[in-house]
A.B. asks: 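Take a look at the following structure, please.
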There are 2 protein chains.
Amino acid sequence: MLKISELAALTGLSAHTIRFYEKHGLIEASKRSDSGYRYYSDADVKRAEFVKSARNIGFSLDDIGVLLSIRLDKQSHSCQEVTDITQNKLDEVNERLSELQAMQQTLERLLESCCGGPENATHCSIIEALDGGDVTVTRRAS
Amino acid sequence: MLKISELAALTGLSAHTIRFYEKHGLIEASKRSDSGYRYYSDADVKRAEFVKSARNIGFSLDDIGVLLSIRLDKQSHSCQEVTDITQNKLDEVNERLSELQAMQQTLERLLESCCGGPENATHCSIIEALDGGDVTVTRRAS
DNA sequence: TATAAACTTAGAGTTAACTCTAAGGTCAAC
DNA sequence: GTTGACCTTAGAGTTAACTCTAAGTTTATA
């Protein structure tokens with residue numbers, strides 16, 4: 001059984017974050033000492049690692065909550081439930097990717113257009129572009 | 001001279017957002033009626049449009065504040081100051097892009113590996129992958 | 001003139017995921 | 001037996017950029 005700092009070292013999460021995840025139902029200590037210290041079993045560690053993996057991929061804590069409930073009772077859930085969550089996350093990621101790619105293109109174009117030198121900015125083409133409003137249409141996050 | 005709702009209609013910003021930007025020093029109404037109503041001149045409109053353009057590209061309100069101060073006194077600022085801000089933003093965007101691309105790849109790989117059908121999740125390869133921790137290393141936003 | 005639409009302000013609420021603080025209890029080492 | 005590291009809790013603070021509310025004033029319309 002690991003203490004919270006040991007679980008933290010193992011997972012790379014901070015003890016603060018582990019407690020925060022516990023408050024949100026993601027991680028649990030299957031034992032507490034008489035004095036209230038959390039003690040984590042092997043199964044608890046696996047669960048924490050699952051959370052960490054899912055977090056790395058970009059799943060929200062809410063998503064992870066659902067994934068954990070599926071993991072806990074696989075019989076009662078279908079693969080489709082899992083792929084639905086995954087596909088939704090992928091859609092989100094793709095959406096954000098195209099926003100960022102549009103920004104990237106605009107920024108690159110602006111940088112190419114400007115001398116970037118010590119000259120004063122009286123005729124700075126970046127400032128002018130922003131003034132003219134003729135920047136590529138980019139979408140903001142929804 | 002435009003009233004706030006007219007500026008809102010013109011720029012696509014909400015009146016709330018325009019007041020919010022004013023509080024943060026980005027947009028100003030060069031006149032107020034006796035009763036306190038904001039009135040925007042052509043120059044105010046241009047400034048608001050500058051802010052909107054910069055926002056669309058992804059600049060933070062802080063960045064925009066700096067860009068506006070350059071725009072207001074171009075003589076005292078160099079092109080380099082402008083390209084520095086732009087380059088920093090591009091670096092940020094590129095950083096986030098590679099994070100998201102890593103997530104995208106992982107999510108796609110997971111989706112390919114899973115049947116996604118109505119079968120129960122006992123052998124779901126996505127759940128297994130998360131359990132195993134063998135997901136692509138993705139970096140979180142810093 | 002009466003009503004409704006639009007305007008004003010200060011300030012609180014939202015979101016997500018932490019991150020930190022304060023005040024105190026526990027434990028291991030010397 | 002005392003020091004210091006580690007643990008506990010509840011709850012506040014952080015970040016960015018809004019977004020909304022309440023309570024009241026002004027203006028335009030019918």
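For clarity, every value in this text was computed on a predicted model and none was experimentally measured.
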A.B. asks: Could you tell me how far apart B:His24 (NE2) and C:dG11 (P) are, to the nearest whole angstrom?
C.D. replies: 14 Å

A.B. asks: Grab the CZ-P distance between A:Phe20 and D:dG13 for me, whole Å please.
C.D. replies: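 Distance, rounded to whole Å: 17 Å.
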
A.B. asks: Between C:dA17, C:dC18, D:dA17, which nucleotide has the shortest distance from any of its atoms to the side chain of A:Thr17?
C.D. replies: C:dC18

A.B. asks: Quick one: label B:Ser14 by what it contacts on the DNA or RNA (base, sugar-phosphate, nothing), any heavy atom closer than 4.0 Å.
C.D. replies: nothing

A.B. asks: If you look at every heavy atom in B:Leu2 and B:Glu6, which pair is closest and at what distance?
C.D. replies: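 B:Leu2 and B:Glu6 have their closest heavy atoms at CA-OE1, 3.3 Å.
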
A.B. asks: Specify the separation, in whole Å, of atom CD1 of B:Ile64 and atom P of D:dA17.
C.D. replies: 8 Å

A.B. asks: Using a cut-off of 6.0 Å, state whether more than 12 heavy atoms not belonging to A:Glu128 lie near its atom CD.
C.D. replies: yes

A.B. asks: Tell me the interatomic distance from B:Ile57, atom CD1, to D:dA17, atom P, rounded to whole angstroms.
C.D. replies: 15 Å

A.B. asks: Taking only N/O atoms, report every protein-nucleotides 6-10 of chain D pair under 3.5 Å with atom names and distance.
C.D. replies:
| residue | atom | partner | partner atom | Å |
| --- | --- | --- | --- | --- |
| D:dC6 | O2 | A:Tyr37 | OH | 3.3 |
| D:dC7 | OP1 | A:Ser5 | N | 3.2 |
| D:dC7 | OP1 | A:Ser5 | OG | 2.7 |
| D:dC7 | O4' | A:Tyr37 | OH | 3.3 |
| D:dT8 | OP1 | A:Arg38 | N | 2.8 |
| D:dT8 | OP1 | A:Arg38 | NH1 | 2.9 |
| D:dT8 | OP2 | A:Arg19 | NE | 3.1 |
| D:dT8 | OP2 | A:Arg19 | NH2 | 2.9 |
| D:dT8 | OP2 | A:Arg38 | NH1 | 3.3 |
| D:dT8 | O5' | A:Arg38 | NH1 | 3.4 |
| D:dT9 | OP1 | A:Arg32 | NH1 | 3.1 |
| D:dT9 | OP1 | A:Arg32 | NH2 | 3.3 |
| D:dT9 | OP2 | A:Arg38 | NH1 | 2.9 |
| D:dT9 | OP2 | A:Arg38 | NH2 | 2.7 |

A.B. asks: Starting at atom CZ of A:Phe59, determine the distance to atom C1' of C:dA16, rounded to an integer number of angstrom.
C.D. replies: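 To the nearest whole Å, that distance equals 17 Å.
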
A.B. asks: Rounded to the nearest 0.5 Å, how far does CD1 of B:Ile57 lie from CD of A:Gln105?
C.D. replies: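 Here the rounded value is 12.5 Å.
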
A.B. asks: Roughly how far, to the nearest 0.5 Å, is the CG atom of A:Leu110 from the CG atom of B:Leu90?
C.D. replies: 10.0 Å

A.B. asks: Tell me if a side-chain donor or acceptor on A:Lys52 pairs with a main-chain N or O of A:Thr11 at a distance below 3.5 Å.
C.D. replies: yes

A.B. asks: If you assign each of B:Ser33 and B:Leu61 to its closest nucleotide in DNA chain D, which residue comes earlier from the 5' end?
C.D. replies: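 First, find each residue's nearest nucleotide; the 5'-ward one identifies B:Leu61.
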
A.B. asks: How many whole angstroms separate atom CD1 of A:Ile18 from atom P of C:dT19?
C.D. replies: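 For the pair A:Ile18 CD1 and C:dT19 P, the rounded distance is 13 Å.
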
A.B. asks: So that I know where these two stand, are A:His24 and A:Phe20 an aromatic pair - ring centroids less than 6.0 Å apart?
C.D. replies: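 Yes, they do, as the ring centres are separated by less than 6.0 Å.
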
